[in-house]
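Order of the sequence lines fixes the chain letters, A, B, ..., with proteins taken first and strands second; residue numbering starts at 1 for each chain. Everything numeric here is computed off the predicted structure, so don't read it as measured data.
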Number of protein chains: 2
Amino acid sequence: MADLADLAGVSKITVSRALADSPLVNIRTRTRVQELAREHGYKLNVSARNLRLRRSHTIAVIVEMKPSSDRTMWDPYPLTLLGGISQELTSAGYSVLLTTRQGSSAAAVQAADGVILLGQGVRQDAVRLYDKLGLPMVVWGAKSVGDSHVVVGSDNRHGGISVAERFVSIGRRHPVFIGNPDHPEIAERLHGFVDELARHNVKPLLMRRDEFTLSSGVDAVHSLSRRKARFDSIFACSDLLAMGAIRALVELGHQVPSDVSVVGYDDSPLGASFLPPLSSVRQNWQEGGMLLARKVLALVEGQPAESEMLPTTLVVRAT
Amino acid sequence: MADLADLAGVSKITVSRALADSPLVNIRTRTRVQELAREHGYKLNVSARNLRLRRSHTIAVIVEMKPSSDRTMWDPYPLTLLGGISQELTSAGYSVLLTTRQGSSAAAVQAADGVILLGQGVRQDAVRLYDKLGLPMVVWGAKSVGDSHVVVGSDNRHGGISVAERFVSIGRRHPVFIGNPDHPEIAERLHGFVDELARHNVKPLLMRRDEFTLSSGVDAVHSLSRRKARFDSIFACSDLLAMGAIRALVELGHQVPSDVSVVGYDDSPLGASFLPPLSSVRQNWQEGGMLLARKVLALVEGQPAESEMLPTTLVVRAT
DNA sequence: ATGAAAGCGCTAACAA
DNA sequence: TTGTTAGCGCTTTCAT
């Protein structure tokens, strides 16, 4: 910058101001300096600026990457979240520092202006851990009572309700829920489902399955059949589970959807091109990511931010 | 740090050294300072350190995120790459700055010590663009002749060869290749496939399909059938394509694998739990990510680094 | 409209 | 083994 100042015959500070497009600087000097900078390939030293401004213009995104075969954030659809976050932060002039939970103790995370915590697992411990950083933080997941953090998530409860409504409206009386309610988000879906059904005096069967895989869905249905359970509809907590369930149903000679209706979750492209095309609850991950980003930025700038749930929609296809 | 120095009754530099665990500092002073730092919640100012050291300890990972429905890096499997990169960089004390191609002009990217370019598309333009940053750079993809960059990728050519070998060994004489050879990586697979088949006087049919989707696979087979092409084996460039092809084959009354053998690519969990379980070429993304990371770090430290191709394995299942 | 001085928090080089 | 000095490259405050 000093060199540039010499070249332009002005002082360092004028260069600084010119590059920041400050109206304090005469328009002609400004453009001249900017051109000079371009010509000479001048690169602003970000560290120096950050030191001076005491701001890193960086948001740390912490991904809970469990080693288990549980649904992790490296799964396909949640990653659209990252896309949304990245898009929004970038266009606001912030960068995304990506970390896993393991590496998050690194110095660079403390340097961030804010934190976005992405994790669907048992959340409270992670939240407490990062709270200690004392940075503005926004969490993706389900809002639990007495939790003072800003949480963004999709309206899982409403997702469950909408499936219950659908089942009731097509005359189903013996629904099954497949999933792992240890995840707060899944628990919400279950609660919505159960509560809405209860209003119609229907009580669903809970098939607890920890993994979100195809074979887990197959297994759940086999298990239902083995114990001769009576059921006419299945709400599975992921499209993969739902597809597994359908496969098992077909193997066992059931018709989908005439004998048994099946609804999945996530509305993945895969489910949509499944045979038969899967009915599923859609959540808008991209939008969720953008919202997360906007909320941290608000907090970073000292503005208030509220928790917010994104709407979910039941997409009815052939199952 | 100055405060800490006062507290400990030493100078700033001693604190600096103590926190860096320098053997120059007496072990007792060292531990005392470290404890004081912990107690008082001292946080190193990363920007200041970066400014002083002229190093950001950050590697920018640039993801080519095309708006098209082409295979993008936000697809499930390539993301395991990110996992590998992140793991390796983190444990080396580096952070990952995640950017998409759009946002990559941001100041923060220039501040990185090195760049990892992740993109499967038409690569040369992207490479040229980031070359201008003058930073150590490593590219994921296929090595093309006359390209002086460090490229890490999986041995796509060998992947193609191994499928050809398999087809020949089980007596197939009329193979089909489904995929988009505009991607350098796919082109490599095709070349390996064609060359190896040629050694056995077999010439495959190329079914060019731009999208890597299930329906694209369905469509390719329908098209083959419509034009009454003769074929007894299919090498599809992704598991999704392969699954679509199988679905279409079954619909058309063909038996898999007795009438037609099908091999996919990526060995995705989904393919493995497909019915019938899909044969597929496995590439080790995780390992690839780690390798990419190690190569940039080498370059950053001024050591030489060579391009490297990771081995691929044909996993034979039921198709 | 421009500039001079000061300092953000850290560490490398050179003393002591 | 510890400390002093200097300076990384930038921007804010206060002149001019």
Q.
Are the side chains of B:L118 and B:L81 in contact, using a 4.5 Å heavy-atom criterion?
A. yes
Protein-nucleotide distance ([X], atom [atom1]; [N], atom [atom2]), rounded to Å:
| X | N | atom1 | atom2 | value |
| --- | --- | --- | --- | --- |
| A:M1 | D:dT11 | CE | C1' | 8 Å |
| A:L19 | C:dT2 | CG | P | 14 Å |
| B:R17 | C:dA15 | CZ | C1' | 11 Å |
| B:R28 | D:dT2 | CZ | C1' | 15 Å |
| A:D6 | C:dT2 | CG | C1' | 15 Å |
| B:R32 | D:dT2 | CZ | C1' | 12 Å |
| B:L51 | D:dG9 | CG | C1' | 6 Å |
| A:L53 | D:dT13 | CG | C1' | 14 Å |

Answer yes or no: does a side-chain N or O of [X] lie under 4.0 Å from OP1 or OP2 of [N]?
| X | N | answer |
| --- | --- | --- |
| A:S47 | D:dC8 | no |
| A:Y42 | D:dC10 | yes |
| A:T14 | C:dG3 | yes |
| A:R54 | C:dG9 | yes |

Q. In terms of heavy-atom contacts, does CD of A:Q303 have more than 12 from other residues, nucleotides or ligands at under 6.0 Å?
A. yes
Q) A:R30 and A:D21: salt bridge (charged side-chain N to carboxylate O under 4.0 Å, His left out), yes or no, with the steps? A) CA-CA 7 Å; A:R30 219 191 304 170; A:D21 239 352; 3.6 Å; yes
Q: Hey, could you give me the CG/CD1 distance between A:L292 and A:I59, rounded to the nearest 0.5 Å?
A: 11.0 Å
Nearest-neighbour nucleotide for the [X] side chain, [options] considered:
| X | options | answer |
| --- | --- | --- |
| B:S16 | C:dT11, D:dT12, C:dG9 | C:dT11 |
| B:T29 | D:dT2, C:dT11, C:dG3 | D:dT2 |
| B:N26 | D:dT1, D:dG7, D:dT12 | D:dT1 |
| A:K12 | C:dA12, C:dG3, D:dT11 | D:dT11 |
| A:R49 | D:dT11, D:dG3, C:dT11 | D:dT11 |
| B:I13 | D:dC10, C:dA13, C:dG3 | C:dA13 |
| B:V25 | D:dT2, D:dT11, D:dA6 | D:dT2 |

Q. Is there a donor-acceptor contact under 3.5 Å from the side chain of A:T58 to the main chain of A:S56?
A. yes
Q. Can you find an N or O donor on one side and an acceptor on the other, under 3.5 Å apart, linking the side chain of A:R52 with the base of C:dG9?
A. no
